[in-house]
Amino acid sequence: MMNIGDRIKKIREAKGLSQKEVALNLSMNPSQYSKIENGKVDPQCSSIEKIANALGISLADIFTQENSLENINSIDKSIIEKVQLIEQLDEKQKQSIFSIIDMAIYNVKLKQTLSNALDL
């Protein structure tokens, strides 16, 4: 089984982030962050939670199956990250975003329908 530091490192690398980027986001010394990833320091639960937030994931994601990040291409990562951010919004903000998405899908379908009708 992978230790916490290895898991954090794997997630960070899957997101294409450097240790320095994550450490700066945490307002942490990069060498201290490196010690966490390398298993030289056992981070406190509060630190793990801050790291999860900096990586744009839930705390539970750090403890999930090791292969949960496999087969995720860069497009999927971007979508997953955006969905995770949307989940953090309040209900009114979520509804606004869903309305925009619904309108965009409606417009695409309308254009396809009109285009098909003109082709007849």
Side-chain angles (χ1 to χ4, degrees):
M1 182 170 168
M2 207 179 265
N3 71 33
I4 296 293
D6 289 337
R7 181 70 180 147
I8 290 169
K9 180 177 180 176
K10 186 172 184 172
I11 293 168
R12 176 186 57 77
E13 289 174 343
K15 291 184 163 286
L17 298 170
S18 69
Q19 284 186 346
K20 186 175 183 178
E21 288 172 312
V22 176
L24 289 174
N25 194 347
L26 295 167
S27 299
M28 180 184 287
N29 185 309
S31 65
Q32 180 66 22
Y33 179 79
S34 177
K35 289 177 184 176
I36 292 171
E37 278 194 7
N38 292 318
K40 295 179 180 174
V41 171
D42 287 327
Q44 295 180 352
C45 189
S46 60
S47 295
I48 296 170
E49 186 174 12
K50 288 176 185 176
I51 291 169
N53 288 335
L55 292 172
I57 60 171
S58 71
L59 183 59
D61 290 335
I62 291 181
F63 300 98
T64 59
Q65 260 180 291
E66 292 179 20
N67 62 357
S68 65
L69 295 177
E70 292 177 7
N71 300 321
I72 298 177
N73 63 33
S74 61
I75 292 172
D76 290 337
K77 283 186 226 173
S78 176
I79 291 169
I80 289 170
E81 290 170 358
K82 289 176 184 174
V83 169
Q84 289 173 336
L85 291 173
I86 290 170
E87 289 175 350
Q88 296 174 10
L89 300 175
D90 65 40
E91 286 305 312
K92 187 175 180 179
Q93 292 170 321
K94 286 180 189 177
Q95 288 303 317
S96 295
I97 289 174
F98 293 145
S99 294
I100 292 167
I101 292 170
D102 289 344
M103 184 57 69
I105 292 169
Y106 173 81
N107 285 338
V108 168
K109 288 183 178 184
L110 179 62
K111 286 180 186 177
Q112 288 172 345
T113 303
L114 291 174
S115 177
N116 291 340
L118 292 174
D119 287 342
L120 296 177

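Worth knowing before you read on, the calculation uses all heavy atoms, side chains too, and leaves out hydrogens, waters and symmetry mates. These numbers come from a predicted model, not from an experiment.
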So, taking the atom named [atom1] in [X] and the one named [atom2] in [Y], what distance separates them when rounded to the nearest 0.5 Å?
| X | Y | atom1 | atom2 | value |
| --- | --- | --- | --- | --- |
| Gln19 | Ser31 | CD | OG | 10.0 Å |
| Ile8 | Ile62 | CD1 | CD1 | 4.5 Å |
| Asp102 | Ser99 | CG | OG | 6.0 Å |
| Tyr33 | Ser27 | OH | OG | 14.0 Å |
| Ser46 | Ile51 | OG | CD1 | 9.5 Å |
| Lys20 | Asn29 | NZ | CG | 11.0 Å |

- prompt: Which atoms form the tightest heavy-atom contact between Ala23 and Pro30, and what is the distance?
  reply: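 So the two residues come closest at CB-CA, 3.6 Å.
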Is a side-chain N or O of [X] found less than 3.5 angstrom from the main chain of [Y], in a donor-acceptor match?
| X | Y | answer |
| --- | --- | --- |
| Asn3 | Gly5 | yes |
| Lys15 | Leu55 | yes |
| Gln93 | Asp90 | yes |

- prompt: What about Leu26 and Leu59, same hydrophobic cluster or not, with Ile/Leu/Val/Met/Phe/Trp/Tyr joined at side-chain heavy-atom distances under 4.5 Å?
  reply: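 Yes; tracing contacts between hydrophobic side chains, which count when under 4.5 Å, links both residues.
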query: With a 4.5 Å limit on heavy-atom distance, are the side chains of Glu37 and Val22 in contact?
result: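 Not touching, per the 4.5 Å side-chain cut-off.
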field: Side-chain touch Arg7/Ile11, heavy atoms, less than 4.5 angstrom
entry: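 Arg7 reaches Ile11 side chain to side chain.
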message: Can you tell me if Asp42 has over 12 outside heavy atoms packed within less than 6.0 Å of its CG?
response: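 Not more than 12 within 6.0 Å, no.
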task: Not counting sequence neighbours, which residues clear side chain to side chain donor-acceptor pair (under 3.5 Å) with Glu91? List them please.
output: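 In terms of side chain to side chain donor-acceptor pair (under 3.5 Å), with neighbours along the sequence ignored, Glu91 is linked to Lys94.
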Using atom types as modelled, flag every donor-acceptor pair under 3.5 Å from a side chain in residues 103-115 to any protein atom, sequence neighbours excluded.
residue : atom : partner : partner atom : Å
Asn107  : ND2  : Met103  : O            : 3.4
Thr113  : OG1  : Lys109  : O            : 2.9

